[in-house]
Participant: 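Supplied in structure tokens, the structure appears directly below.
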Amino acid sequence: MSGKHTGSRKAGLSNDDIGPETRLELYRLQVEIRDCEKRANDLFFQNLIKGTSHLSLGQEAIAAGVAMAMQPGDKSFCTYRGHAHTLARGVPMEQVLGELMLRDVGLMRGKGGSMHLTSVEHGVMGSYAIIGAHLPIACGSAWRAQYLGQKDVSVCFFGDGTTNIGAFHEALNFAAIWKLPVVFICENNLYMEYTPIGDVTAVEHPAADRASAYGLERIVVDGNDADVVYRTAQAAFVKARDGGGPSLIECMTYRHSGHSRADPAKYRPEGELEKWLERDPVKIYRERLREFGISEAEITAIDAESKRKVEAATELCKASPPAPAELLTTDVYADGGWSWRN
Amino acid sequence: MSGKHTGSRKAGLSNDDIGPETRLELYRLQVEIRDCEKRANDLFFQNLIKGTSHLSLGQEAIAAGVAMAMQPGDKSFCTYRGHAHTLARGVPMEQVLGELMLRDVGLMRGKGGSMHLTSVEHGVMGSYAIIGAHLPIACGSAWRAQYLGQKDVSVCFFGDGTTNIGAFHEALNFAAIWKLPVVFICENNLYMEYTPIGDVTAVEHPAADRASAYGLERIVVDGNDADVVYRTAQAAFVKARDGGGPSLIECMTYRHSGHSRADPAKYRPEGELEKWLERDPVKIYRERLREFGISEAEITAIDAESKRKVEAATELCKASPPAPAELLTTDVYADGGWSWRN
Amino acid sequence: MAELTYRDAVARAIAQEMERDENVVFLGEDVAKAGGVFKSTVGLYEKFGPRRVRDTPISEQAILGAAMGAAMTGLRPIAEIMFADFVAVCFDYIANEFPKLRYMTNGQLGCPLVVRTGNGGGARFGAQHSQSIENWTMMIPGLKVVAPSSPVDVIGLMAAAVRDDNPVIFHEHKSLYAVKGEVPDGEIIDTLGTAKILRPGKDATILALALMVPRALAAAETLAAEHGIDCEVIDVRSLVPLDTATILASVAKTGRLFTVEENPRLCGWGAEIASIVADEAFWDLDGPIVRITTPHIPLPAADHLEDLALPNAPRIVEKISRVMNGSKR
Amino acid sequence: MAELTYRDAVARAIAQEMERDENVVFLGEDVAKAGGVFKSTVGLYEKFGPRRVRDTPISEQAILGAAMGAAMTGLRPIAEIMFADFVAVCFDYIANEFPKLRYMTNGQLGCPLVVRTGNGGGARFGAQHSQSIENWTMMIPGLKVVAPSSPVDVIGLMAAAVRDDNPVIFHEHKSLYAVKGEVPDGEIIDTLGTAKILRPGKDATILALALMVPRALAAAETLAAEHGIDCEVIDVRSLVPLDTATILASVAKTGRLFTVEENPRLCGWGAEIASIVADEAFWDLDGPIVRITTPHIPLPAADHLEDLALPNAPRIVEKISRVMNGSKR
Ligand SMILES: Cc1ncc(C[n+]2csc(CCOP(=O)(O)OP(=O)(O)O)c2C)c(N)n1
Ligand SMILES: Cc1ncc(C[n+]2csc(CCOP(=O)(O)OP(=O)(O)O)c2C)c(N)n1
Ligand SMILES: [Mg+2]
Ligand SMILES: [Mg+2]
């Protein structure tokens, strides 16, 4: 973990550029994502989540830090590992869990599933399940903003493994030459599905060590520290909004669970998870709050409210029926139907 | 033109690592490519070449320099702009011109056409017309050599514009991590088809400035000086044969004609062509020979022999019939036929 | 009314739509300053400027991905994929992204864009630059797919495509660019999903698309003059939506169906239509449905071989006259 | 004779071929140390080591390109594209490179390789991980295409694919991986281009592929028991080469043809076969050819909706019984 923006700890409350309000919000986001993801895991083992699902346990600081730096109207482009980013933009838990459970209450009423969470209302412009595909798409959204003189920034999240596919390369060059207001956030959790990223990548930092190939600055940060992520993202957004073009930010992190629901993650070397659990972003942030003098009561209240929300959302989802059968053939085409003939 | 291996001029005959024999050969290759390409151009305007064709006029030093550094058994992977590289490996002119003229005497008897010149016998493992596709293919050939313990090197030629497509990125990373005996030669002629490469690329040197993204050395050389190309390629081949992995070499050059047969190249700024004509590789090399004390007679003999070869080849091709109609459906499948049903 | 080439019709169509709607933007390789490698977009850069008509790097995935991202957030991009064959390097957007976005998001997002491609053979470009790829796109649910055969259809269908709220794949035929046709003055708008009966006839229905249309028409004249077979020739024009009503009505009248397809045989558009007719119009049929296609092979570069491969009027005449005479009717 | 899952049959098939021929190598994402995301290649890495069984980066173009380069210079690679849908990101190799190499080089080079994909729906994976893409590959001249429905066919057809000197696309069905079947001991080799009559019958021919095979068989039992309709069920197995002889002979016998296709309707394999039968066996037909397919839509993730989309035994029974009763025969 080298590069820019790494140092984050402030000596004390003085000179705190973030402030207690934002900090509490950053904490709340991380806790709620953590609790909701844990619940998703439980629901899977209760066979209430079918298909697949990819958790962000351990990676919450990135979702929270970036989302906090975003403004309304900014656009998120996520992957199948997108629950966290969707929640972080303010999408209600029941709509996320509901989609995972493929119920009518879900964001897409079960038509999309866990890998495609979308809530345009909250700026979540889709979650994409083909590796790399959404990087060019985010460029297009940024191009639209530039073209229309709109001031929103498009943010694109992806993993370390994604840096080795062709679309990554095309998108980065494209964004750079057109100076697009897009911010690429690489969540380097050290693994593609089961293969360590170092085994299949020619450089140590799969994103940052390639930034120069697109004339961009090399940025690697501690992705488990929400403050660091928040500050780094903020700087990138300011640059993008000011016409300074794209940024590529590599956030070092670790997923606590397997790649997807069914993966016990046995391929990890012994002690690796334990090492990273010590750097658990939620734990780190709880300590940070204390460091900045936030009261235990405030912290506990957030924890409790989060648990309450998860319970309420779960009940709501369990009570939700599946979508009506007619939904099968709706919204293939813009007229709302699926007709390919007369 | 910065980077490694740039300086080439030797003070005199002393300390000449290349030697007159190789130099004459380098000259001969360049002249023959030049004459053959010019003839291709003439034949097109006589309507004897149909379809398309992409000349290497002005880029001969790269084909000659790399081919001279290759050993029998080494494999060339070329593009649609591949006449030069095919000739440089020793393929007879009539087989090249014959394919351009789509005659039975052509390398593929007219089935492939100018963009797909292939002569396995000479190590020319195909010319590929979808930008970027052959970079991974060359990796595969190199993987085979590595797997079987064979000592040949696979060489892949492509243009500056090709560095912006996804397959470039995937191939470079793949070659680097598997330490494959493959050498990537980027012929930077400053243009993709009609668009200046600088308009669409985030870095100045589209290949070399990206080498570090794959853990490779940055190499940019004068691609109009056959000696420089020869030496650079030789070093890369030695490294590849010794298990040192891939190299990426960017050769700066310029095409004297348009992108393809029909392109008058009006998009070029005034004076650009003239500037590069001063650096014409054939002219440079003729001076080089003189500098190294090669007699005018020897030079003229090569020039004359080249013209004679072109004439003979042209006549042979003109006399060649088109391939028989039965060829239409041969060699779709390995049984020689095209049957997709019983 | 003016005579216009198919090539110039492309530029006029795009200009018409860009003038109408500021949200229409156009991007592709060498399309702007150079006017396209087929010179089909000459003048657009001069007219609409570098903000709306943009040259891109050789990055087909970025081109289509950017078009999609712009489309789903408010623009109406037209993207060029130079040769249709290159759709293979960006097929993810065609197969997995454009056509699934609206469905997967339960209608939250749409993808109103047009992808133009230089499709088809006849130019001696060899196996990787000559393919007819209509079926690559027709088979994917969620796309619309058109392939005009005349200058006026180019303009009208392009206008319809740009105004459509769905992703439309617009297959231009390379070997038609030089063809001229009458084009009315003023704005032209056509309707997707409509086939056109170009020659009424009573004995057999011939379906054709793009370059095969003039060949089918020529064949029909010969069949009438020399074989006394009166063919109805329909230009399918739009593969999705498919105008099955026109096709089924024609077969109901003629009792016989022939398709003339430039694509290599397997899973061509004619197969789909044949299967529809063999189901829904089976009792109308007086004899076998016969598909006349390019053989199931890659295309050769050599002119005489390529000419042998693609269906042409003599082959159409030969096949139809033989089949119609051998009919057990 | 042992019971084996379809999943384990894949590993056994690859092992059989790797043991036989040192030139057979295997590459893909997470296929080696982890044994594949579907656990269908477990044990190969341990058995054959890191030289022959290799994990790759997420670079599908590099995977297929490298396989091709190795194949054309002497190896016999097997490449995995994890989910069939991802064929879209490396489609250039499938459409433009593998199948055209031999033809374009006039036979100088060949491309003997196998691409394995996890194809098909039923796992609630949503629109980008559930597609049946047989037609994406069937439509391309120069490829061979197979899709086994049972463990024993997996082994035999994989052996035939690896030994074939052409590029073979091997569609495994994700929803069949857990299915068990009897598999003889020892080496198993089958033949590409052969369909299998799994249930003889006299009233109608049902063609099915992969996951649709058990469903068609179940439907045939119900049709016989409850509707007195005796169906011949044919597992097509190999789309290219296509065993038209078996299909045409069956239709000659039964007079009726139904296809059961998992693909969305347009240009599916059944369309091609329907068009062949509507031409060559027209006079054998006693009624319409009917295709039972997934509707032409992207696949939904929700279990109940996905189940509605894919053809299943009740829908097959309903459709065939209704059509056969309504027949004007
Ligand atoms: C084109 C493509 N190839 C392969 C996959 C299968 N796949 C899904 S997630 C994944 C690993 C991605 O790794 P990374 O980018 O590091 O993201 P992470 O899952 O670690 O968040 C792979 C290979 C895919 N979805 N798309
Ligand atoms: C995937 C793909 N996109 C576009 C093209 C069309 N095309 C052919 S050559 C060319 C320019 C290539 O430029 P460069 O790599 O610099 O090579 P050069 O022609 O200058 O030698 C383009 C865009 C193609 N053949 N393949
Ligand atoms: Mg990762
Ligand atoms: Mg160039």
Side-chain angles (χ1 to χ4, degrees), chain B residues 75 77 106-113 115-121 124-130 132-145 147-148 150 152 154 166-167 169-175 177-178 180 182 323 327 330-336 338-342, chain D residues 22-23 25 27 51-52 54 56-75 77 89-90 92-93 95-97 99-113 138 141-144 164-166 193-194 239-247 276:
Chain B
K75 315 243 175 288
F77 292 82
L107 271 175
M108 297 93 74
R109 305 181 71 186
K111 267 172 94 172
M115 298 203 280
H116 301 295
L117 300 179
T118 305
S119 182
V120 173
E121 182 192 343
V124 181
M125 307 303 284
S127 301
Y128 298 79
I130 308 282
H134 64 314
L135 281 81
I137 297 172
C139 289
S141 169
W143 173 33
R144 175 266 323 150
Y147 180 84
L148 296 176
Q150 295 167 343
D152 61 282
S154 296
H169 179 66
E170 296 193 11
L172 267 289
N173 183 61
F174 196 87
I177 57 170
W178 287 19
L180 297 175
V182 57
L327 216 71
T330 60
D331 285 320
V332 177
Y333 291 108
D335 63 5
W338 68 296
S339 169
W340 54 270
R341 62 176 286 186
N342 58 10
Chain D
E22 174 85 16
N23 284 338
V25 288
L27 80 168
R51 188 172 150 262
R52 297 185 67 191
R54 300 197 72 160
T56 70
I58 308 177
S59 305
E60 279 82 3
Q61 295 189 78
I63 294 170
L64 293 196
M68 174 169 167
M72 58 197 263
T73 57
L75 299 188
V89 302
C90 49
D92 183 46
Y93 294 92
N96 290 327
E97 312 297 341
K100 296 181 168 60
L101 182 69
R102 188 181 293 274
Y103 189 80
M104 290 194 311
T105 65
N106 195 34
Q108 291 184 61
L109 287 165
C111 190
L113 56 78
M138 180 182 185
L143 299 175
K144 295 193 174 180
D164 199 277
D165 286 332
N166 298 290
T194 53
L239 294 174
V240 186
L242 185 66
D243 185 358
T244 51
T246 297
I247 294 166
I276 294 169

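Everything numeric here is computed off the predicted structure, so don't read it as measured data. Residue numbers begin at 1 in each chain, while the letters A, B, ... track the order of the sequences.
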Participant: Please classify the contact between Val89(D) and chain B as side chain, backbone, both or neither, with a heavy-atom cut-off of under 4.5 Å.
Facilitator: neither
Participant: Of the listed residues (Arg54(D), Lys100(D), Glu97(D)), which shares the most heavy-atom pairs with chain B below a 4.5 Å separation?
Facilitator: Arg54(D)
Participant: For chain B, find which of Met104(D), Arg52(D), Met68(D), Glu60(D) contributes the most heavy-atom pairs closer than 4.5 angstrom.
Facilitator: Met104(D)
Participant: Most heavy-atom pairs under 4.5 angstrom with chain D, which of Cys139(B), Ala133(B), Gly112(B), Ala171(B)?
Facilitator: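 Max contact count across the listed options: Ala133(B).
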Participant: Check whether Ala167(B) gets within reach of chain D through its side chain, its backbone, both or neither, counting any heavy atom under 4.5 Å.
Facilitator: both
Participant: So which of Asp243(D), Ile63(D), Val240(D), Asp164(D) has the biggest tally of heavy-atom pairs under 4.5 Å with chain B?
Facilitator: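 Among Asp243(D), Ile63(D), Val240(D), Asp164(D), the one with the most close pairs to chain B is Asp243(D).
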Participant: Is it true that the side chains of Ser154(B) and Ser141(B) contain a donor and an acceptor less than 3.5 Å apart?
Facilitator: yes
Participant: If I take atom CG from residue Leu109(D) and atom OH from residue Tyr103(D), how far apart are they, to the nearest 0.5 angstrom?
Facilitator: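 If we round to the nearest 0.5 Å, Leu109(D):CG and Tyr103(D):OH are 16.0 Å apart.
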Participant: Check each atom of Met125(B) against the heavy atoms of chain D and say whether the ones under 4.5 Å are side chain, backbone, both or neither.
Facilitator: both
Participant: May I ask you to decide whether Asp152(B) forms a salt bridge with Arg144(B), counting only side-chain N to carboxylate O separations under 4.0 Å?
Facilitator: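 Between Arg144(B) and Asp152(B) there is a salt bridge, with a charged N closer than 4.0 Å to a carboxylate O.
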Participant: Parallel, tilted or perpendicular: which one describes the rings of Tyr147(B) and Trp143(B), with boundaries at 30° and 60°?
Facilitator: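 Because their plane-to-plane angle is over 60°, the rings of Tyr147(B) and Trp143(B) count as perpendicular.
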Participant: Hey, can you tell me if Tyr128(B) and His134(B) have their rings parallel, tilted or perpendicular (30° and 60° cut-offs)?
Facilitator: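 Answer is parallel, since the angle falls under 30°.
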Participant: Just so I understand: if I count every heavy-atom pair under 4.5 Å between each of Ala129(B), Gly166(B), Ser119(B) and chain D, which residue has the most?
Facilitator: Ser119(B)
Participant: Who wins among Leu143(D), Asp165(D), Thr194(D), Leu64(D) for the most heavy-atom pairs under 4.5 Å with chain B?
Facilitator: Leu143(D)
Participant: Could you pull out the closest heavy-atom pair between Ile137(B) and Met72(D), with the gap in Å?
Facilitator: CG2-SD, 3.8 Å
Participant: Should the heavy atoms of other residues, nucleotides or ligands under 6.0 Å from CD of Gln150(B) be counted, would the total exceed 12?
Facilitator: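 Yes, enclosed.
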Participant: Please look at Ile177(B) and chain D and tell me whether the side chain, the backbone, both or neither of the residue comes under 4.5 angstrom of a heavy atom of that chain.
Facilitator: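 Only the side chain of Ile177(B) comes within 4.5 Å of chain D.
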